[in-house]
There are 2 protein chains.
Amino acid sequence: MAATKKIEDEELMRRLALVFQSHGYEGASLATISQATGLKKPSLYHRFPRGKEQMAEEVLRHAGEWIDRNLLDPLRAPASPRQRAELFATRIGSLYHRGKDSCLLNLLSVTKSEDNPFAGMIHETFRRLSRSLSQVARDAGADPKDARLRAEEVLIAIQGALVLSRGIGSTAPFRRMQKKIPDLLVASRREDR
Amino acid sequence: MAATKKIEDEELMRRLALVFQSHGYEGASLATISQATGLKKPSLYHRFPRGKEQMAEEVLRHAGEWIDRNLLDPLRAPASPRQRAELFATRIGSLYHRGKDSCLLNLLSVTKSEDNPFAGMIHETFRRLSRSLSQVARDAGADPKDARLRAEEVLIAIQGALVLSRGIGSTAPFRRMQKKIPDLLVASRREDR
DNA sequence: GTCTATAATATGATAGAC
DNA sequence: GTCTATCATATTATAGAC
């Protein structure tokens, strides 16, 4: 029974994430969410007493846990920096369905209200990604400052490729970016670049 | 009278753009828009008979014209490729207020409806940017294929830096990215990158 | 061109039955 | 835990005066 419930929760979070990814926070109405999850509004409020804001919070938390398990843990695995960077690039591809999906961190950073209720969680998630990525760059020989800049470049490349791919209706930019991730993170560079 | 009207229209579009940039399409209610522009709802409908969708369309068109005049024309100016790339980087900074603003092309590509009403204009604007940027890369000696990839890299860097800067609440990533634009577009590269 | 007033609908949220 | 029915408010949109 507990196992079944757990699976249902997983599926629920998966569908909620899809709705917020597709339509953004304000664009995801309770009617849309109800249809996407198969739960009527009162059932949603039973599960999320604080309503839509809590739904988005828990989706963000759930996504953060996925990232910790499937992106950040591999970055600390006992493998060469390049191998870890390559595995990271692969996992990024499955997180965003090879560029077809948008990033929750991008979409949930836009709301009606002046101060975004999710800003803290979004900031925190980017920070964890940045720390783990820069550690790989350091393991590959980069000094701390360069390592942080490389991590930033990788995050920029991912977010930018997702925006551009959605903007032009083609995943080609995302797939090209994905191949570049290992070099951005661990390849040696010329001094003048 | 005509001149005064023109200025008012400019200011109106400027404020509308700011609202959509800050809150996204669905997050920008007519109440918010009314407050931001100083026009009551019936006045807005007098100016935009098809309502909010037309407002966003005209804001996008207006932004596209700004881009043509202030970003793309300089890319074709009689100057060295590097000088043109540097001017472009400067103008990108003022377009996004040095990283404080978000990109309309990103925010307006998210709506409630399944097929985004602005997809065509967004796609078209990215296309014009890409064409003009790649021409600069070609003028700097890149072959057509490499030039297109460099233009794509620049667009990815801009969009990604804006997303990351908003996500972490700091314009530092945008400002660092801005300095890299000229090299991304026109610097020679090692073969193995 | 702009406004007050108002309508029609959508949206977030709850009461209460099962 | 889920539902039907309902509420209060927000939202898009319009009528009609000035």
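In what follows, chains are A, B, ... by sequence order, proteins preceding strands, each numbered from 1. Quick note: numbers below take in every heavy atom, side chains included, and nothing from hydrogens, waters or symmetry partners.
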Roughly, in whole Å, what's the span from [atom1] in [X] to [atom2] in [N]?
{"X": "B/Leu44", "N": "C/dT4", "atom1": "CG", "atom2": "C1'", "value": "15 Å"}
{"X": "B/Lys40", "N": "C/dG1", "atom1": "NZ", "atom2": "C1'", "value": "15 Å"}
{"X": "B/Phe48", "N": "C/dT2", "atom1": "CZ", "atom2": "C1'", "value": "15 Å"}
{"X": "A/Leu12", "N": "D/dG1", "atom1": "CG", "atom2": "C1'", "value": "13 Å"}

Flag the pair [X] / [Y] as yes when at least one side-chain heavy-atom distance between them is below 4.5 Å, and no otherwise.
{"X": "A/Arg148", "Y": "A/Glu152", "result": "no"}
{"X": "B/Arg166", "Y": "A/Ile122", "result": "no"}
{"X": "A/Arg61", "Y": "A/Glu57", "result": "no"}

Strictly under 3.5 Å: I want the nitrogen or oxygen pairs between protein and nucleotides 12-15 of chain C, one per line.
residue: C/dG12; atom: OP1; partner: A/Lys52; partner atom: NZ; Å: 2.9
residue: C/dG12; atom: OP2; partner: A/Leu30; partner atom: N; Å: 2.6
residue: C/dA13; atom: OP2; partner: A/Tyr45; partner atom: OH; Å: 2.7
residue: C/dA13; atom: O5'; partner: A/Tyr45; partner atom: OH; Å: 2.8
residue: C/dA13; atom: N6; partner: A/Lys41; partner atom: NZ; Å: 3.4

**OP:** Measure from the side-chain N and O atoms of B/Arg91 to the backbone N and O of B/Asn70, and report whether any donor-acceptor pair falls under 3.5 Å.
**Re:** yes
Strictly distance-based, threshold 3.5 Å: is any side-chain N or O of B/Thr32 a donor or acceptor partner for the main-chain N or O of B/Ala28?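 No, the answer is negative, given that no donor and acceptor are paired below the 3.5 Å cut-off.
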Ranking D/dT11, D/dG1, C/dG1 by distance to the side chain of B/His46, first place goes to C/dG1
Residue pair B/Lys112/B/Leu39 against DNA chain C: nearer the 5' end by closest nucleotide is B/Leu39
Worksheet item: Any side-chain N or O of A/Ser43 less than 4.0 Å from the OP1 or OP2 oxygen of D/dG1?
Response: no
Per the side-chain contact (heavy atoms from CB on, under 4.5 Å) rule, which among B/Leu162, B/Leu164, B/Val163 passes with A/Asn106?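 Going through B/Leu162, B/Leu164, B/Val163 one by one, the side-chain contact (heavy atoms from CB on, under 4.5 Å) with A/Asn106 is satisfied by B/Val163 alone.
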